[in-house]
There are 2 protein chains.
Amino acid sequence: MRISQLAAATGVPVATIKYYLREKLLHDGELTSATQARYDDSHVRRLKLIRALVGTAGLSVAATRELLQGLANPPESGHDLLGVAHRAVTRPAGDDVDVAPAQDLLRRWGWDDQACDRDSQAALAEALDGLSSAGLELPPALLDRYAEAMRAVAEADIGSVPTDSAEAAMRFVVLGTVLVEPVLLAMRRLAQQNVSFERFGGAAITAAARPATAHTPTAPTATAPTATAPTATAPTATAPDRTAETG
Amino acid sequence: MRISQLAAATGVPVATIKYYLREKLLHDGELTSATQARYDDSHVRRLKLIRALVGTAGLSVAATRELLQGLANPPESGHDLLGVAHRAVTRPAGDDVDVAPAQDLLRRWGWDDQACDRDSQAALAEALDGLSSAGLELPPALLDRYAEAMRAVAEADIGSVPTDSAEAAMRFVVLGTVLVEPVLLAMRRLAQQNVSFERFGGAAITAAARPATAHTPTAPTATAPTATAPTATAPTATAPDRTAETG
DNA sequence: TTGACTTGGATAGTGCTACTCGCCATTATT
DNA sequence: AATAATGGCGAGTAGCACTATCCAAGTCAA
């Protein structure tokens with residue numbers, strides 16, 4: 001399989017494949033001559049995986065590379081597997097972050113903070129800090145219910161790890177952790193709409209007045225370079241020409 | 001209060017405040033002369049809110065602007081309130097997204113898809129698609145448990161909306177929806193670490209071998225350039241870079 | 001009053017990321 | 001032989017969130 005066929009098979013432009021090769025996200029093909037290399041099914045699968053991580057999960061190329069390297073060099077401990085995944089989605093915290101509020105909560109929920117790495121605790125602390133600096137104080141009971149729900153999610157996560165193959169387990173843990181995040185967030189929004197609909201009635205959520213740029217700017221999934229009609233929901237005439245955002 | 005004092009009060013550089021003013025995230029101060037304006041407490045609060053949305057929640061400036069505008073011009077229907085928040089965190093889906101898989105799931109869970117906007121359905125569909133294109137098929141039972149948990153989250157969300165003031169309700173819904181997302185994700189990771197720790201034992205998650213760049217690239221607070229010992233979990237020395245095509 | 005300092009407003013530049021383009025000698029294909 | 005494609009590489013681009021600089025007009029302390 002040549003690079004153009006690889007591109008056709010995955011919908012990823014040739015230039016982008018070359019970029020991933022350069023960035024060591026994708027392993028080299030088998031060189032058959034100075035200007036020819038052969039790619040195979042493993043490249044197709046890897047490329048799809050990369051697009052899922054970069055697109056759907058919103059990982060940076062650097063984080064994707066590290067995660068893939070972690071997948072290739074599995075740590076011995078099953079527990080450290082989580083580290084590979086979590087490092088990809090948790091930004092390292094500076095020394096100045098005060099994790100005490102997070103640790104208070106962990107204790108409150110009976111979660112052993114020894115099991116938790118500092119970056120994740122800092123992520124919780126920072127998220128809570130953002131909430132309160134926005135002037136929004138959540139009732140403790142609400143936080144408890146969040147914790148309860150996420151604990152249930154985590155138990156389902158860990159309980160679903162396949163036990164037959166170590167490699168399958170690894171894939172499940174690492175990819176599942178990262179790629180499920182957008183699933184959960186989408187589910188929450190849908191559930192909110194449902195609960196709100198049941199409780200308050202009213203019409204369905206109306207379409208966006210303008211296509212708001214979401215927090216993950218890059219393209220969603222393997223989108224062929226089909227720069228189709230700019231948009232369907234864009235109302236105003238001053239729409240920029242070269243939208244091509246495809247969502 | 002002058003702009004430099006506003007900067008001092010919030011920790012946001014003057015140049016950045018000017019930028020937010022230009023971008024209409026922050027309302028203008030009261031002009032007292034051609035080169036002087038007075039800012040007040042509302043600017044301090046707004047600025048903190050902006051930083052929480054842009055920093056903690058990871059919204060783009062454009063999404064933040066729309067969300068703030070939505071907060072300022074509340075829709076009549078309580079249900080449409082959710083739309084304001086959800087549009088800020090949901091990227092608009094192209095026409096080419098197939099939402100059928102998501103709708104199947106909604107039906108399976110007894111969620112009324114009439115209550116759900118298309119973009120959110122598409123977000124779920126795309127997230128699931130990313131999962132499967134990464135070669136990871138989740139057991140349906142696992143998805144069900146996710147749905148159950150997120151339903152519980154949503155019920156807690158909606159049930160906690162303050163009823164005394166319409167404005168408080170609006171703030172709660174819009175900001176809570178957006179700013180709680182990182183809280184939930186952090187909680188899931190911490191819970192996973194806990195469950196994994198209990199189940200598999202082993203040491204706590206070790207610090208990152210390298211400071212992996214997270215998916216939200218902007219540094220929260222400068223990380224000291226502490227390039228410490230190479231690794232704690234990396235197994236082999238001659239780590240084969242691209243084995244295990246993981247695809 | 002004077003002179004250093006600050007401000008609003010505007011334009012331009014920066015650093016970063018994820019691509020995207022163009023070139024070229026070298027094959028492969030026809 | 002003629003045409004097209006490829007690997008490899010350097011450079012260019014677009015978008016984003018700032019950041020820096022400039023300037024005329026104003027403020028404030030002495």
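Below, chain A is the first sequence line, B the second, and so on; all start at residue 1. Just so you know, these numbers use all the heavy atoms, side chains as well, and skip hydrogens, waters and symmetry mates. This one's a predicted model, so the numbers in the text were calculated from it and none came from an experiment.
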Report summary line: In whole angstroms, the gap separating C1' of D:dG7 from CD of A:E30 amounts to 15 Å

Query - Separation of atom CG in B:L31 from atom P in D:dG26, rounded to whole Å - result: 11 Å

Expected list for residues 31-39 of chain B: side-chain donor-acceptor pairs under 3.5 angstrom, two or more places apart:
| residue | atom | partner | partner atom | Å |
| --- | --- | --- | --- | --- |
| B:T32 | OG1 | B:Q36 | O | 3.3 |
| B:S33 | OG | B:T35 | N | 3.3 |
| B:S33 | OG | B:Q36 | N | 3.4 |

Requested in this report: Could you list the residues that satisfy side-chain hydrogen bond (donor to acceptor under 3.5 Å, both in side chains) with A:Q103, not counting sequence neighbours?
Outcome: A:Q121

Query raised in the report: Under 4.0 Å between a side-chain N/O of A:Y19 and OP1 or OP2 of D:dG12, yes or no?
Result: no

Query - Carboxylate-amine/guanidinium proximity below 4.0 Å for B:E126 and B:R91 - result: yes

Show me the donor-acceptor pairs, under 3.5 Å and distance only, between side chains in residues 41-52 of chain B and residues at least two apart or in other chains.
| residue | atom | partner | partner atom | Å |
| --- | --- | --- | --- | --- |
| B:S42 | OG | B:H27 | NE2 | 3.0 |
| B:S42 | OG | B:D40 | OD1 | 2.6 |
| B:H43 | ND1 | B:D40 | N | 3.1 |
| B:H43 | ND1 | B:D40 | OD1 | 3.1 |
| B:H43 | NE2 | B:H27 | O | 3.1 |
| B:H43 | NE2 | B:H27 | NE2 | 3.4 |
| B:H43 | NE2 | B:D28 | O | 3.3 |
| B:R46 | NE | B:L25 | O | 3.1 |
| B:R46 | NH2 | B:L25 | O | 3.3 |
| B:R51 | NH1 | B:Y20 | OH | 2.9 |

**Report entry** Phosphate contact (C:dA18 OP1 or OP2) by A:T16 side-chain N/O below 4.0 Å
**Finding:** no

Report task. Report, as a single string ordered 5' to 3', how protein heavy atoms within less than 4.0 Å touch nucleotides 23-30 of chain C: B base, S sugar-phosphate only, - not at all. Result -> ---BSS--

Query - Which residues share a side-chain hydrogen bond (donor to acceptor under 3.5 Å, both in side chains) with A:R188, sequence neighbours left out - result: B:D157

Query raised in the report: NA contact type, A:A15, heavy-atom cut-off 4.0 Å: base, sugar-phosphate, or nothing?
Result: base

Query raised in the report: Does the side chain of B:Y39 get closer than 4.0 angstrom to OP1 or OP2 of C:dG8 through an N or O atom?
Result: yes

**Report entry** Atom-to-atom span, CD1 of B:I17 to C1' of D:dA20 - whole angstrom
**Finding:** 16 Å

Query raised in the report: By side-chain hydrogen bond (donor to acceptor under 3.5 Å, both in side chains), which residues pair with A:S120, not counting sequence neighbours?
Result: A:D117, B:Q193

Query - Spacing of B:D28 atom CG relative to C:dG9 atom C1', expressed in whole Å - result: 11 Å

Report task. Looking only at side-chain atoms of B:R22, point me to the closest of D:dT6, C:dA12, C:dT6. Result -> C:dA12

Query raised in the report: Touch check for A:L21, heavy atoms < 4.0 angstrom, all strands: base, sugar-phosphate only, or nothing?
Result: nothing

Query raised in the report: Separation of B:E23 atom CD from D:dT19 atom C1', in whole Å?
Result: 14 Å

